[in-house]
Amino acid sequence: MNIKIADLEFEPLISAETILARTKEIAAQLNIDYADKAPIFVGVLNGCFMFMADLLRQINIPCEVAFTKLSSYHGGITTTRRIRDDFDLLVDITNRHVVLVEDIVDTGNTLDYLVAKLSHRKPASITVCALLLKPDAIEYPVEELKHVAFNIPNEFVIGYGLDYLEMGRNLDGIYKRVV
Ligand code: IMP
């Protein structure tokens, strides 16, 4: 079923079942890779909240959970390149293994900024796990991006945490803009 939000219409792209199946695969790999590392999973708000919850439900090793908040789209459908640091990561990550959990990597600008910022705090390692990647939009390749649930076309998407004008985050699947 298509969804209308303000002036835009969206059609289904990835179903809730497909997302969950892929999330389980990534979690299984993380359970192996971090078995004896007590990682800190750091969710990047707001968009990560559903992916973070579903991913962490499948993690069965000792771990911590924390959040930070950045924003760059500021309501539109293209990035503004101005990153706003809304809420800093408050846990000490020195000598700790950090797994950043992102909703979507578009140009990579936000992730590049965050990885650089957290690297200064001398963690043992940083790995990034993203729900979505738009390979055709990447301008800032981030080598720490090791897990991507889905590569998608360079189109605007909502649902499963992602918004348009702050709406649509509650949808259980991912929808793309009808152009
Ligand atoms: P980047 O800095 O260009 O990689 O953009 C990353 C941020 O922009 C994400 O964390 C999202 O908040 C937002 N974003 C990028 N693409 C989309 C999209 O298709 N829908 C909704 N938000 C998006």
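For ligands, and for the atoms within them, numbers begin at 1 and follow the listed sequence. Because the structure is predicted, anything quoted here is derived from the model rather than measured.
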Notebook entry, point to check: N/O to N/O below 3.5 Å, does that happen between Asp163 and ligand 1?
Noted result: no
Notebook entry, point to check: Does some non-hydrogen atom of Glu139 fall short of 4.0 Å from ligand 1?
Noted result: no
Notebook entry, point to check: Distance-only, no hydrogens or angles: does the Lys24 side chain make a donor-acceptor pair with backbone N or O of Ile26 under 3.5 Å?
Noted result: no
Note to self: So, regarding Phe156 and ligand 1 (criterion: nitrogen or oxygen to nitrogen or oxygen, under 3.5 Å), is there a contact or not?
What the structure shows: no
Next item on the list: Give a yes/no on ligand 1: does Gly47 have at least one heavy atom closer than 4.0 angstrom to it?
Entry: no
Check: Do the side-chain N and O atoms of Asp7 and Tyr164 include a donor-acceptor pair separated by under 3.5 angstrom?
Finding: yes
Checklist line | Atom pair CD1 (Ile138) and CG (Leu145), whose distance is rounded to the nearest 0.5 Å | finding: 7.0 Å
Checklist line | Results of side chain to side chain donor-acceptor pair (under 3.5 Å) for His97 - residues two or more places apart only | finding: Ser125
Next item on the list: Using a 4.5 Å cut-off on heavy atoms from C-beta on, say whether the side chain of Val42 contacts that of Val101.
Entry: no
Margin query: Using a 4.0 Å cutoff against the non-hydrogen atoms of Lys134, which atoms of ligand 1 qualify?
Written below: 16 (N), 17 (C), 18 (C), 19 (O)
Notebook entry, point to check: Which atoms of ligand 1 sit under 4.0 Å from any heavy atom of Leu162?
Noted result: 21 (C), 22 (N)
Next item on the list: Using distance alone, determine whether Leu111 and ligand 1 share an N or O pair under 3.5 Å.
Entry: no
Check: At a 4.0 Å threshold, what atoms of ligand 1 neighbour a non-hydrogen atom of Asp103?
Finding: 9 (C), 10 (O), 11 (C), 12 (O)
Next item on the list: Check ligand 1 against Glu155 and write out every atom of the ligand that is under 4.0 Å from a heavy-atom position of the residue.
Entry: 19 (O)
Next item on the list: With atom 6 (C) of ligand 1 as the reference point, say which of Ile77, Thr110, Ile83 has the nearest heavy atom.
Entry: Thr110
Notebook entry, point to check: In terms of atom number and element, which parts of ligand 1 are under 4.0 angstrom from non-hydrogen atoms of Glu102?
Noted result: 10 (O)
Margin query: With a 3.5 Å distance limit and no angle check, can you tell me whether Thr127 reaches the backbone of Val99 through a side-chain donor-acceptor pair?
Written below: no
Notebook entry, point to check: Does Ile158 have a heavy atom less than 4.0 Å from any atom of ligand 1?
Noted result: no
Notebook entry, point to check: Quick one: do Lys176 and Glu155 make a salt bridge, cutoff under 4.0 Å?
Noted result: yes
Item checked: Residue from Asp103, Asp54, Asp172, Asn170 passing side chain to side chain donor-acceptor pair (under 3.5 Å) with Tyr160 -> Asp54
